[in-house]
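What follows is a short report on a single structure.
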Amino acid sequence: MSRSAHPAGPRHADVLPEGHYAAPPADLNQLDARVWSRTVTRSDEGVVSVGGIDVATLAERFGTPAYFLDEDDFRARCRAWREAFGEDADVFYAGKAFLCRAVVRWLHEEGLNLDVCSEGELATALAAGMPAERIALHGNNKSGREIERAVSTGVGRIVLDSFQEIVRVAHIAQRLGKRQKVQIRVTVGVEAHTHEFIATAHEDQKFGIPLAGGQAAEAVRRALKLDGLDLIGVHSHIGSQIFDTSGFEVAAHRVVGLLKEVRDEHGVELPEIDLGGGLGIAYTPEDDPREPQDIAKALREIVHRECEVAGLAVPRLSVEPGRAIVGPTAFTLYEVGTVKELPGLRTYVSVDGGMSDNIRTALYDAEYSVSLVSRSSTAEPMVSRVVGKHCESGDIVVRDAFLPADLAPGDLIAVPATGAYCRSMASNYNHALRPPVVAVRGGEAREIVRRETEEDLLRLDVG
Ligand SMILES: Cc1ncc(COP(=O)(O)O)c(C=O)c1O
């Protein structure tokens, strides 16, 4: 359909969405498989289902807003990563993307390890039975308590992030009569092609110890001297939502360069390297993520080649995908509350959630797509912005989208690819009750994180 055929064309023609849609999709009733999880289907009447249950039933049973997580898809992604990297590598799921006990159990069953970055995440992992030796602890300012808990429970590795922490972890381990396996997180000076707030390997930022100026080499020197530490390797995480592996290539080159320096200076070959997470997913149909097997192949080849050149034995490789596993597996279901047309501008569609369940758009201009999922429509596409119900004009869920012009209060719309960094970054802003996460599989649905209640809110209020 041409834009001029749009009844609202003249009004909306001035405002081409700034985001990913240069033109409306050919058919708003079609779901683009790239952004939806694998069991999502749409009936002839336009009603979307996941895991064999339709959204009307899910909304009736669990309310809106709510995150619906496709468990089969989650497990399949875990297996794909595990199989792609094989027996001589480890896949650590990054729990910050989304963590709860059910997820920990799935990871355990599917043979993945777990990266945690706080005492809360560690507690969740342990409570759900993840063996401590399969857990890695991250963080740029771990508290003494966090370190002590990690060391005493026997986590597989602590990733050291500063000179102070090298000493801190060594002292705590010694006091507990342990020798803690550690890696040193280095910043390799790569400019990842992603948003500034999710790029983590350029030097001017808070994570890691720079390779530049010999700081990382000095960190290794210090760690090797301390009795409480067993330095097993070097870690690099270059950022998030990255689509091309060239940044990883540079990172691997520089990390292996450090291993060579260490071998030459200390006569020690560190046995492991971790190249972090950060692989991108499709938030909109324009995103073109790579499959785990391609990524694994590329990373392995880089590491093998670099080690061969450096004359080093190939270290055990690990990676830490978070978003790439859980991101595509969930969508957020909202009910439309108001539809406000601003002539000459766009139509604002207000939903019953917002920045409290998805802060990513406000935080770093994340792009999403959105679809009407409770019925089909033959109405023209309208230039829309999906906004929440919070007291901020920046409370935007989907900045630029086309939705059918007959959209009305009571319709259900869904934003796909909200499995990562949505519930885990959710807030109680405006005393919003954080939505549940509902796992759907084989015609059954169950809350794996329940909806918050007023009692939950008031329980914290002790005045
Ligand atoms: C050290 C580390 N590993 C892994 C991840 C996971 O990144 P992603 O979810 O983009 O794969 C992060 C994200 O911030 C991280 O900081």
Side-chain angles (χ1 to χ4, degrees), residues 74 77-78 80-82 84-85 89-99 103 107 112-118 121-122 125 135-142 146 150 155-162 165 182-188 190 192-202 205-209 233-245 247-248 251-252 255 272-283 287 289-292 295-296 299 317-330 359-360 363-364 366 417-425:
F74 185 98
R77 286 174 193 279
C78 289
W81 278 84
R82 188 63 250 117
F85 279 87
D90 297 301
V91 180
F92 286 76
Y93 168 79
K96 66 205 82 177
F98 171 63
L99 198 67
V103 160
L107 295 168
L112 266 64
N113 295 357
L114 178 57
D115 137 18
V116 299
C117 65
S118 69
E121 288 183 4
L122 177 58
I135 299 174
L137 177 66
H138 272 279
N140 67 302
N141 184 19
K142 305 169 190 76
E146 279 170 331
V155 301
R157 66 171 71 152
I158 296 180
V159 183
L160 303 172
D161 200 275
S162 65
E165 206 172 76
V182 293
Q183 290 187 336
I184 292 176
R185 177 163 175 179
V186 301
T187 41
V188 294
V190 172
H193 296 270
T194 189
H195 190 281
E196 181 196 353
F197 294 169
I198 49 177
T200 58
H202 53 295
Q205 47 103 11
K206 71 170 187 165
F207 292 110
I209 301 177
V234 177
H235 181 287
S236 156
H237 170 77
I238 60 171
S240 276
Q241 189 57 2
I242 297 166
F243 290 102
D244 104 57
T245 51
F248 292 98
V255 163
E272 296 193 22
I273 62 172
D274 189 308
L275 291 178
L279 274 309
I281 62 165
Y283 284 104
D287 294 328
R290 298 183 65 177
E291 293 298 322
I295 297 156
L299 296 189
L317 177 63
S318 52
V319 287
E320 297 171 339
R323 181 191 321 268
I325 292 180
V326 72
T329 67
I359 190 68
R360 295 188 65 258
L363 192 60
Y364 29 66
T418 57
Y421 305 105
C422 286
R423 180 58 179 81
S424 64
M425 288 178 135

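First listed ligand is number 1; within each ligand, the first listed atom is number 1.
- Less than 4.0 angstrom separates some heavy atom of G322 from each of these atoms of ligand 1: 8 (P), 9 (O), 11 (O).
- In this structure, K142 pairs ionically with E165, as a charged nitrogen and a carboxylate oxygen lie closer than 4.0 Å.
- Here is the list of ligand 1 atoms found below 4.0 Å of a heavy atom in Y421: 6 (C), 7 (O), 8 (P), 9 (O), 13 (C).
- In this structure, N113 and I135 have side chains that are not in contact, with every pair of non-hydrogen atoms separated by 4.5 Å or more.
- There is no side-chain donor-acceptor pair under 3.5 Å between S236 and R185.
- Short contacts between ligand 1 and D115, defined as distances under 4.0 Å to a heavy atom of the residue, involve ligand atoms 3 (N), 4 (C).
- Taking every non-hydrogen atom of E320 and a distance limit under 4.0 Å, the qualifying atoms of ligand 1 come out as 1 (C), 2 (C), 3 (N), 4 (C), 5 (C), 6 (C), 11 (O).
- The closest approach between F207 and ligand 1 stays at or above 4.0 Å for every heavy atom of the residue.
- There is a side-chain donor-acceptor pair under 3.5 Å between R323 and Y283.
- Of all atoms in ligand 1, listed by their number and element, those nearer than 4.0 Å to a heavy atom of R185 are 1 (C).
- Under a 4.0 Å heavy-atom criterion, G278 is in contact with ligand 1.
- Atom numbering of ligand 1 starts at 1 in the shown order; those under 4.0 Å from a heavy atom of H138 are 1 (C).
- Residue contact annotation: P321 has a non-hydrogen atom under 4.0 Å from ligand 1.
- Here the side chain of Y93 pairs a donor or acceptor atom with the backbone of F98 at under 3.5 angstrom.
- The ligand atoms of ligand 1 that sit less than 4.0 angstrom from a heavy atom of A94 are 4 (C), 5 (C), 6 (C).
- Of the charged side-chain nitrogens involved, none lies within less than 4.0 Å of a carboxylate oxygen, so that K206 and D161 do not count as a salt-bridged pair.
- Between H237 and H235, the two ring planes are tilted [angle within 30° to 60°].
- Checked against a 3.5 angstrom limit, the closest N/O atoms of R323 and ligand 1 fall inside it.
- For the 3.5 Å distance criterion, the side chains of D90 and S318 fail to qualify, holding no donor opposite an acceptor.
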